[in-house]
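Because only heavy atoms are used, hydrogens play no part in the values below, and waters and symmetry mates are left out as well, while side chains stay in. Just so you know, these numbers come straight off a predicted model, no measurement behind them.
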Amino acid sequence: MEIKQLNLANLADMRPKIRQPEFDPRTLSPGIVHLGIGAFHRAHMAFHTQRAIAGDPANPGNGNWGIRGVSFRSAAVRDKLSPQDFLYTLSSRVNETEELEIIGTVRDIIFTGDDPAMCPALIADATTKIVSMTITEKGYCHDPATGRLEENHSGIATDLKNIDHPTTAIGAIVQGLRLRCDAKGGPLTLMSCDNLPSNGAVLERIVRRYTDLADPGLIGWIDDHVRFPKSMVDRIVPATTDQDRSHIEKALGLHDQSPVIAEAFSQWVIEDNFSAGRPAWETAGVEMVGEVEDYETMKLRLLNGPHSSCAYLGFLAGYETVSKLMANDIFPSFLRRMMDQEINPGLTVPDGVDIEAYKTSVLERFVNRALAHRTHQIAMDGSQKLPQRLLDSVRAALDKNLPLDCLALSVAAWMKYATGSDE
């Protein structure tokens, strides 16, 4: 018998005990445009937004936070989710425990390759209140060492010559702001959810510089109408495998073309600086704070830095996944030494954070046997990631005369990995 596809019409045929949205996705009005709608966004922001909508039923405005996704790289996610009414399964795993949940906050996805003008039009739409993004470090077209726009970047140079049809996320954002200003579309929040130090400030600096080059008269409107909150995101989301898809199909009793796998842990800290409203994320475990920087720095250096060490040293040593690497007693000791002696002493720990418990939890998360998080996947785009993940820790260690043998070995492993040969 042919198995039915996951979609709104077939939800009633799904096996019991699978968590479903506590609202009808068809009733959600789109208020968020998300650039870079990959697996991480679908396991993190879309998940927390679903919980926020369900957790604040007395607020009818929470029905205005449906998500319209934008893909710059390919139409694959759109083509897989469109027949499913943009529903998908989130599998949250820790060792032998798994929770399956159907996520219904994504209501549409566009692919910019079909028409570059579509993304700016969504940003300009008066119903859009937040433009969020997970476009990876290289999507900002910036110099990661300085946080400034790389003006000679080929994509930026192309967009500046043809600002009405941008190909980069930065070009699309500024063109969208220009159209929104012209249409009197109202205030807007631009929120980076990428692993960049002071990501909101970096985004603002890049957007302002691009605007200076493309349409300097727009700067005043941006100052008056646009906010750039900082945020810190944390959830490990490995690539979904055919084995994962087969397992989830058996569990649902429905075919899901694009499920997402994640660890059970999820953290999101956001600077509460929004110009046009936001979902009640605080009802979904999100920390809304005044200052994000110390949380962000702690996470980048104590989680992402050791994760990159796992990627490069692990790959060179022949380990396919982080959990297999962590089964070697030597490596957890190496990471703990790096955290305790070389990274932690160079940090400002946020008030109320038990830093010893935090470091222990990081190592426990790396051990998670349910996540086949491949070292090769984590190692991608190292030249964009290392400045904030490892080199900032190196600078702090040099400033404070701390040891840095483990950090240096990790950077050396990246250099060796970049040559294309292992050990």
Side-chain angles (χ1 to χ4, degrees), residues 30 32-42 44-46 67-78 106 108-125 128-144 147-181 188-215 218 222 226-231 233 380-381 384-385 388:
I32 299 171
V33 170
H34 187 82
L35 313 183
I37 188 157
F40 182 81
H41 165 76
R42 294 194 287 135
H44 192 266
M45 181 178 177
I67 299 169
R68 294 183 286 197
V70 177
S71 176
F72 288 89
R73 294 181 179 177
S74 81
V77 176
R78 180 202 63 189
V106 177
D108 189 22
I109 297 175
I110 68 162
F111 171 49
T112 60
D114 293 337
D115 181 358
M118 294 171 69
C119 180
L122 288 182
I123 295 171
D125 190 323
T128 300
K129 306 302 182 184
I130 297 171
V131 175
S132 54
M133 61 206 74
T134 44
I135 53 177
T136 75
E137 292 89 343
K138 66 181 180 181
Y140 292 80
C141 304
H142 76 309
D143 178 351
R148 300 187 181 280
L149 179 71
E150 189 178 334
E151 296 175 23
N152 294 325
H153 186 284
S154 59
I156 295 297
T158 298
D159 284 0
L160 288 171
K161 293 176 183 176
N162 189 15
I163 60 174
D164 292 338
H165 294 86
T167 59
T168 68
I170 301 303
I173 288 168
V174 175
Q175 173 64 358
L177 296 179
R178 186 161 72 95
L179 295 174
R180 192 178 182 94
C181 172
L188 185 70
T189 299
L190 296 177
M191 181 173 62
S192 170
C193 297
D194 282 296
N195 284 318
L196 298 169
S198 298
N199 52 12
V202 170
L203 176 61
E204 181 176 8
R205 185 184 309 122
I206 291 168
V207 165
R208 289 178 64 88
R209 180 54 185 157
Y210 183 95
T211 304
D212 279 337
L213 298 171
D215 186 1
L218 185 61
I222 291 174
V226 184
R227 297 292 176 267
F228 299 83
K230 304 178 184 73
S231 72
V233 298
M380 293 173 64
D381 299 325
Q384 296 288 319
K385 296 175 179 177
Q388 55 269 16

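One N or O on the side chain of R205 and one on the backbone of G147 form a donor-acceptor pair closer than 3.5 Å. Between the side chain of D381 and the backbone N or O of K138 there is no donor-acceptor pair closer than 3.5 Å. A donor-acceptor pair is defined here as one N or O able to donate and one able to accept, closer than 3.5 Å; no such pair exists between the side chain of S71 and the backbone of I110. Looking only at distances, no side-chain donor or acceptor of K385 sits under 3.5 Å from a matching main-chain atom of N195. For N199 (side chain) and S192 (main-chain N/O), a donor-acceptor pair under 3.5 Å exists by modelled atom type. With hydrogens and angles disregarded, no donor-acceptor distance shorter than 3.5 Å links the side chain of Q384 to the backbone of M380. Proximity of a side-chain donor or acceptor of T168 to a complementary backbone N or O of G171 within less than 3.5 Å is detected. At distances below 3.5 Å, not a single donor-acceptor pair connects side-chain atoms of T211 with backbone N or O atoms of L218. D215 places no side-chain N or O within donor-acceptor distance of the main-chain N or O of R178, the cut-off being under 3.5 Å. Judged purely by atom type and a 3.5 angstrom limit, D115 uses its side chain to pair as donor or acceptor with the backbone of A117.
Side-chain atoms of T134 and H41 include no donor-acceptor pair closer than 3.5 Å.
Using a 30° and 60° split on the angle between ring planes, H142 and Y140 fall in the perpendicular class, above 60°.
From L122, atom CG reaches atom CG of L179 across 11.0 Å, with rounding to the nearest 0.5 Å. One finds the CG atom of L190 at 5.0 Å from the CG atom of L188 (value rounded to the nearest 0.5 Å). With values rounded to the nearest 0.5 angstrom, F72 atom CZ is found 4.0 Å from C119 atom SG. Atom CD1 in I135 sits 5.0 Å away from atom CD1 in I170 (nearest 0.5 Å). Taken from CD1 in I123 to CZ in R68, the straight-line distance is 10.5 Å, to the nearest 0.5 Å.
Between R209 and E151, at least one side-chain nitrogen of the basic residue sits less than 4.0 Å from a carboxylate oxygen of the acidic one, meeting the salt-bridge criterion. The pair R180-D125 fails the salt-bridge criterion, with no side-chain N (NZ, NE, NH1 or NH2) lying under 4.0 Å from an Asp/Glu carboxylate O. Using a 4.0 Å cut-off between charged nitrogen and carboxylate oxygen, D114 and R78 count as a salt-bridge pair.
Side-chain contact between Y210 and C141 is absent, with no heavy-atom pair separated by less than 4.5 Å. Counting heavy atoms from C-beta outward, N162 and T167 have side chains that stay 4.5 Å or more apart. The shortest side-chain heavy-atom distance between F228 and V202 does not fall under the 4.5 Å cut-off. Proximity of I173 to L35: side-chain heavy atoms (C-beta onward) are separated by under 4.5 Å at one or more points. Looking at I32 and M45, their side chains come closer than 4.5 Å, going by heavy atoms from C-beta outward. In this structure the side chain of V226 never reaches within 4.5 angstrom of the side chain of T189, judged on heavy atoms. Using a 4.5 Å cut-off on side-chain heavy atoms (C-beta onward), M133 and L203 make contact.
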Checking I206 against R148 for the side-chain contact (heavy atoms from CB on, under 4.5 Å) test, could you report, in this order, the C-alpha distance in whole Å, the side-chain angles of both residues, the deciding distance, and whether it holds? CA-CA 6 Å; I206 291 168; R148 300 187 181 280; over 6 Å; no
List the steps and the verdict of side-chain contact (heavy atoms from CB on, under 4.5 Å) for V33 and V70. CA-CA 7 Å; V33 170; V70 177; 3.8 Å; yes
Take V233 and D194, measure what side-chain contact (heavy atoms from CB on, under 4.5 Å) needs, and give me the verdict at the end. CA-CA 7 Å; V233 298; D194 282 296; over 6 Å; no
Evaluate M191 against K230 for side-chain contact (heavy atoms from CB on, under 4.5 Å), listing each step before the verdict. CA-CA 7 Å; M191 181 173 62; K230 304 178 184 73; over 6 Å; no
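When all heavy atoms of G176 and A124 are compared, the pair lying nearest together is O-CB, 3.7 Å. The two residues G155 and H153 make their nearest non-hydrogen contact at N-ND1, 2.9 Å. Heavy atoms only, all atoms of each residue included: I163 and P166 are closest at O-CD, 3.6 Å.
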